There are 2 protein chains.
Amino acid sequence: MPSATIDSPLVDALRARGQRVTPQRLVIHRLLREQNRHMSADEVLDEVVERLPGVSLPTVYATLELLEQLGLVRRLGPTGGRVLFDSRLDPHHHVVCSQCGRVEDLDAAVETAPALTAARRAGFADARAGLIVTGVCRTCRCPRRSYT
Amino acid sequence: MPSATIDSPLVDALRARGQRVTPQRLVIHRLLREQNRHMSADEVLDEVVERLPGVSLPTVYATLELLEQLGLVRRLGPTGGRVLFDSRLDPHHHVVCSQCGRVEDLDAAVETAPALTAARRAGFADARAGLIVTGVCRTCRCPRRSYT
DNA sequence: CTTTTTGCAAATGATTTGCATTAAC
DNA sequence: GTTAATGCAAATCATTTGCAAAAAG
């Protein structure tokens, strides 16, 4: 009976996918489990090099993407790489394709009031809420085939 | 009695702030009102140069930022310039400071089910929802003064 | 041993900046 | 006339890529 360590979820997922367990991956994963804050790739590198000198930024990026695919971290922010501007001013939300970055409007009633209240309580003024739904769009889902 | 044109909201806001009404600003604003889609700065430039040759990318960026400040467009995507990774895996939301980019967790119950359903109906699979609240944090609000 | 992962250096792409010129007011 | 806004070229920043060397299984 293997005792569940902090590494287990990562190690198990890697083995299940036939991928390798490297010190870089372990250290980055541990760091993220320990730190209870949002970190950029840069910040991760800074902390990681202290424990494992020589680690490179590209490795950090690759590992973070891997961890995201394994469901072990959540990516925040740019879902595609660029900023988009929306001319619709009425309240509505958005769906973003996690593969191609396509953004579509989403008309759905979502009760954002409690979140706005919580934000104000946290010290944020002029709060506005927007729901971002992430998923895989039809086009990206249908492999190599025009709309059937 | 000035008839309300499509330009009015922009022109009025500019005058109110003592800023200048330039053809670039008018054309970019009109374009965004007409097009009913999300556009990147590049895409805006492409369309704008057809109507006003010689317009530059920096001007497009500056104008889009201005329009955002005036509340005439909404910015989607990178609220700060970089991606952040969140190690919290349980459902929660985020507040982002629109000035400094600071991101904090937000624990508030938000009913995302209807949005997820709408996304599926729109053809998106594996949909996950995250609420992003944008506002100005306390630190950015208190001008030039450490926490009082 | 074989194949994946790494580190390095260089490339890419979006956005921003400095500055002289032009155009609003 | 004054001052803000523009266009241009170059800078910056985060992220990605190509490839040979190192390491996991």
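Just so we're clear, the structure is a prediction, and the values are computed from it rather than from any experiment. Naming convention: chains lettered A, B, ... in sequence-line order (proteins, then strands); numbering from 1 in each chain.
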For [X] and [N], give me the distance from atom [atom1] to atom [atom2], rounded to whole Å.
| X | N | atom1 | atom2 | value |
| --- | --- | --- | --- | --- |
| B/Gln24 | D/dC8 | CD | P | 11 Å |
| B/Glu43 | C/dG13 | CD | P | 15 Å |
| B/Arg75 | C/dA14 | CZ | P | 15 Å |
| A/Asp42 | D/dT16 | CG | P | 12 Å |
| B/Leu84 | D/dA14 | CG | P | 12 Å |
| A/Ile28 | C/dG7 | CD1 | C1' | 13 Å |

Determine yes or no for a side-chain-to-main-chain donor-acceptor pair under 3.5 angstrom, with A/Ser98 supplying the side chain and A/Gly135 the backbone.
->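 Yes; at least one donor-acceptor contact below 3.5 Å.
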Please check if the side chain of A/Arg33 supplies one atom and the backbone of A/Leu72 the other of a donor-acceptor pair under 3.5 Å.
->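 Confirmed, A/Arg33 side chain pairs with A/Leu72 backbone.
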Which pairs, with at least one residue in residues 108-128 of chain A and sequence neighbours excluded, count as a side chain to side chain donor-acceptor pair (under 3.5 Å)?
->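 Non-adjacent pairs meeting side chain to side chain donor-acceptor pair (under 3.5 Å): zero.
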Using the C1' atoms of the five pairs at each end, what is the angle between the end axes of the helix from C/dC1-D/dG25 to C/dC25-D/dG1, to 10°?
->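 Comparing the first five pairs with the last five, the axes sit 40° apart.
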Salt bridge (charged side-chain N to carboxylate O under 4.0 Å, His left out) involving B/Arg51 - partner list, sequence neighbours excluded =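 Partners of B/Arg51 by the salt bridge (charged side-chain N to carboxylate O under 4.0 Å, His left out) criterion, ordered by chain and then number, come out as B/Glu34.
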Sequence neighbours left out, what passes salt bridge (charged side-chain N to carboxylate O under 4.0 Å, His left out) with B/Arg102? Give chain and number order.
->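 Scan of B/Arg102 (salt bridge (charged side-chain N to carboxylate O under 4.0 Å, His left out), adjacent residues dropped) gives B/Glu104.
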Group every Ile, Leu, Val, Met, Phe, Trp and Tyr by side-chain heavy-atom contacts under 4.5 Å, then state whether [X] and [Y] land in the same group.
| X | Y | result |
| --- | --- | --- |
| B/Ile132 | A/Val110 | no |
| B/Leu76 | A/Leu106 | no |
| A/Leu64 | A/Leu52 | yes |

For nucleotides 21-25 of chain D, tabulate all protein N/O to nucleotide N/O atom pairs closer than 3.5 Å, reporting atom names and distance.
unit_1	atom_1	unit_2	atom_2	d
D/dA24	N3	A/Arg20	NH1	3.0
D/dG25	OP1	A/Val21	N	3.0

Which of residues 44-53 of chain A sit near DNA chain C, with a heavy atom under 4.0 Å from it?
->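 Of all residues in residues 44-53 of chain A, none places a heavy atom under 4.0 Å from DNA chain C.
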Hey, can you pull the residues of residues 55-73 of chain B with a non-hydrogen atom under 4.0 angstrom from DNA chain C?
->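 Those residues are B/Leu57, B/Pro58, B/Tyr61.
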Pairs touching residues 108-127 of chain A that satisfy ring pair (Phe, Tyr, Trp, His ring centres under 6.0 Å), sequence neighbours left out |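 Of all non-adjacent pairs touching residues 108-127 of chain A, none passes ring pair (Phe, Tyr, Trp, His ring centres under 6.0 Å).
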Could you pull out all residues at least two apart from A/Asp90 that satisfy side chain to side chain donor-acceptor pair (under 3.5 Å)?
->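 With sequence neighbours excluded, A/Asp90 shows a side chain to side chain donor-acceptor pair (under 3.5 Å) to A/Arg88, given in chain and number order.
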Residues forming a side chain to side chain donor-acceptor pair (under 3.5 Å) with B/His94, sequence neighbours excluded =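 Applying side chain to side chain donor-acceptor pair (under 3.5 Å) to B/His94 gives A/His38, B/Asp86, B/His92, B/Asp105.
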Choosing from D/dT15, D/dA5, C/dT6, which nucleotide comes nearest the side chain of A/Arg25?
->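 Within the option list, the nearest is C/dT6.
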When clusters are formed from ILVMFWY side-chain contacts under 4.5 Å, directly or step by step, what else is grouped with A/Leu89?
->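 Joined to A/Leu89, directly or through intermediates: none.
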Set of residues satisfying side-chain contact (heavy atoms from CB on, under 4.5 Å) with respect to A/Val11, sequence neighbours excluded |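 Listed in chain order: A/Asp7, A/Arg15, A/Val21, A/Leu26.
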When all nucleic acid strands are considered with a 4.0 Å heavy-atom cut-off, which category describes B/Gly54: base, sugar-phosphate, or nothing?
->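 Sugar-phosphate only.
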